[in-house]
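The structure appears below as structure tokens.
Remember, it's a predicted structure, so these values are computed and weren't measured experimentally. Below, read A as the first sequence line, B as the second, and so on, with proteins coming before strands; counting in each chain starts at 1. The figures here come from the full heavy-atom set of this structure, side chains too, leaving out hydrogens, waters and symmetry mates.
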Number of protein chains: 2
Amino acid sequence: MPRTHMQITPIVTNAPSLTERAIEAVRDAIREGTLVPGELYSVYTLAENLGVSRSPVRDALLRLAETGVVRFERNRGFRVIMPGPEELVEIFAVRLALEVPAAGRAARAAVSHREALRAASAELQDAVDADDEALFMLRDQRLHGLILALAGNNLVRQTIENLRDAIRLVGASTAEKSRTLQGIHAEHTPIVEAILSGDGPGAAAAMAVHLRETGRLLAREAARQEGEGRDADALWAALID
Amino acid sequence: MPRTHMQITPIVTNAPSLTERAIEAVRDAIREGTLVPGELYSVYTLAENLGVSRSPVRDALLRLAETGVVRFERNRGFRVIMPGPEELVEIFAVRLALEVPAAGRAARAAVSHREALRAASAELQDAVDADDEALFMLRDQRLHGLILALAGNNLVRQTIENLRDAIRLVGASTAEKSRTLQGIHAEHTPIVEAILSGDGPGAAAAMAVHLRETGRLLAREAARQEGEGRDADALWAALID
DNA sequence: TAACCATGACTAACATGTTACAGGTTACAT
DNA sequence: ATGTAACCTGTAACATGTTAGTCATGGTTA
């Protein structure tokens, strides 16, 4: 029989494993405050709440532990980790080192995907207009991811993606209060413009401005929260510039 | 009670879990060729060979999968992944972005740990003299790790450490043949010298030279191995410089 | 009051059982 | 010969069982 081409959409092999679903569930729980940083939890009870066995939950938490979102304590339980000012400064040092050149490279990338970039930027503006912070965070992440994708280095993209994970805990909870969503988005605009007009150095510079601004703010907020007169700016100066 | 400083070495909670031991065992097995890239293996048999149950072995492999050393195939088994030229170029793009500024920062770091740096360099020379490639790789890794430690960003250190993991598969097996150990070590010397003399820009430049040289070589070797006229230099140009 | 110890509740880490599915093989119809 | 469908094997993913260790508590002693 000739293998005639059938016009059928193939089954989406999208079946997310229980482990992956558990990862998302934990992330959501952290965002919504169901899981509080510092508190001790157990795989046992978490698995029960999720309605699955301990195995996939444990696997999920181990993967989250790998990226520093949670930490296991032997025979005690696990905790959600709130990144302190040191961690945040370190994270932004990495982001600056990787995302700034990536923005420049994205400006030189093929024009084919530029439309997607424009769309992502517009969608971000929509989130601003709707004043939906959760949506904003999501689309902000997508925009940054898109720029990294344009730059063409998957490893960089994946690395940054993991870091952003840790940030959202702080970002969503506190620090963004000092800036309006409109203010943050205003910082991306020049990045997007520069990329669209093929201006590599301009895109890199704009990205640097944006990341420095965001990073400093988050680090200061984290320092204040930890009290003890932690000096975020000193940490910043030691690792950046 | 005044918290007097006690000169007691704290209890070494050094008990490495079975999972961690399994990770090391797998790494060793890959290095020694017991586990061949591309071949299908099962957690079942591997666990049996290691003399432990499947759980810690599975955990270990999942963590290695996270860093791209192995890949699982549902209901089939797992494979050791040999990084191709694309991956290698991406890895070195990251290393350049992170390690070059780190070298510069290390030069400005506290003088206190400089002695360790000198020692690490000397030990590397010893490995060269003994013509012991395995030992060389280990100490080379330690030297790079030390420089990153001096730079003060733990996140960077950990990130690079993970990447080097993937590299050693290629490095140990093939590519280093084109350079003598002495030749490689000759590239670090100016890095170490510059750091010791506090010359930040010089250290950064020397590190850049070293990483470019190494990366190009590994990428070309990987491209040759994959055949098909893969052009490593084109990939390199697209992501670096 | 304070140091000590037994004991019980709870946990991660590890071990073992179970299941659904991917992919090869084989028997068979055409 | 060739496509096909039933069957078989081996596996990851998931579920459940076991163990050793941590910590809180409360009772006991000095």
Between S42(B) and dT11(D), does any side-chain N or O lie under 4.0 Å from OP1 or OP2?
yes
Could you state the CG-P distance from L62(B) to dC14(D), rounded to the nearest angstrom?
10 Å
Rounded to the nearest 0.5 Å, what separation is found between the CG atom of N153(B) and the CD atom of E86(A)?
11.5 Å
Of L18(B), V43(B), V26(B), N49(B), which meets side-chain contact (heavy atoms from CB on, under 4.5 Å) against V57(B)?
V43(B)
Going by an N to O cut-off under 4.0 Å, is there a salt bridge joining D28(B) and R21(B)?
no
So which of residues 43-50 of chain B are in contact with DNA chain D, with a heavy-atom cut-off of under 4.0 Å?
V43(B)
Apply the test salt bridge (Lys or Arg N to Asp or Glu O under 4.0 Å) to residues R63(A) and E66(A): give CA-CA distance (whole Å), side-chain angles for both, the deciding distance (0.1 Å), then the verdict.
CA-CA 5 Å; R63(A) 273 172 62 173; E66(A) 195 87 0; over 6 Å; no
Would you indicate, yes or no, if dC14(C) has its OP1 or OP2 atom less than 4.0 angstrom from a side-chain nitrogen or oxygen of S55(B)?
no
Atom OH of Y41(B) and atom P of dG10(D): how far apart are they, to the nearest Å?
18 Å
Which protein N or O atoms sit under 3.5 Å from an N or O of nucleotides 19-21 of chain D?
{"from": "dG21(D)", "atom 1": "O4'", "to": "N75(A)", "atom 2": "ND2", "distance (Å)": "3.1"}

Between E39(B) and R79(B) (salt bridge meaning N to carboxylate O under 4.0 Å), is one present in this structure?
no
Quick one: is dA15(C) close enough that its OP1 or OP2 comes under 4.0 Å of any side-chain N or O from R54(B)?
no
Separation of atom CG in L61(B) from atom P in dA12(D), rounded to whole Å:
9 Å
Relative to Y44(A), does R54(A) satisfy both conditions: NZ or CZ under 6.0 angstrom from the six-membered ring centre, and within 45 degrees of the ring's axis?
yes
Just to confirm, is there a sub-4.0 Å distance from OP1 or OP2 of dC14(C) to any side-chain nitrogen or oxygen of T19(B)?
yes
What heavy-atom pair brings D140(B) and L124(B) nearest, and what distance separates the two atoms?
N-CD1, 3.6 Å
Would you mind checking if E161(B) and R164(B) are paired as a salt bridge, meaning a charged N to carboxylate O distance below 4.0 Å?
no
Between D59(B) (CG) and dA13(C) (C1'), how many Å, whole number?
9 Å
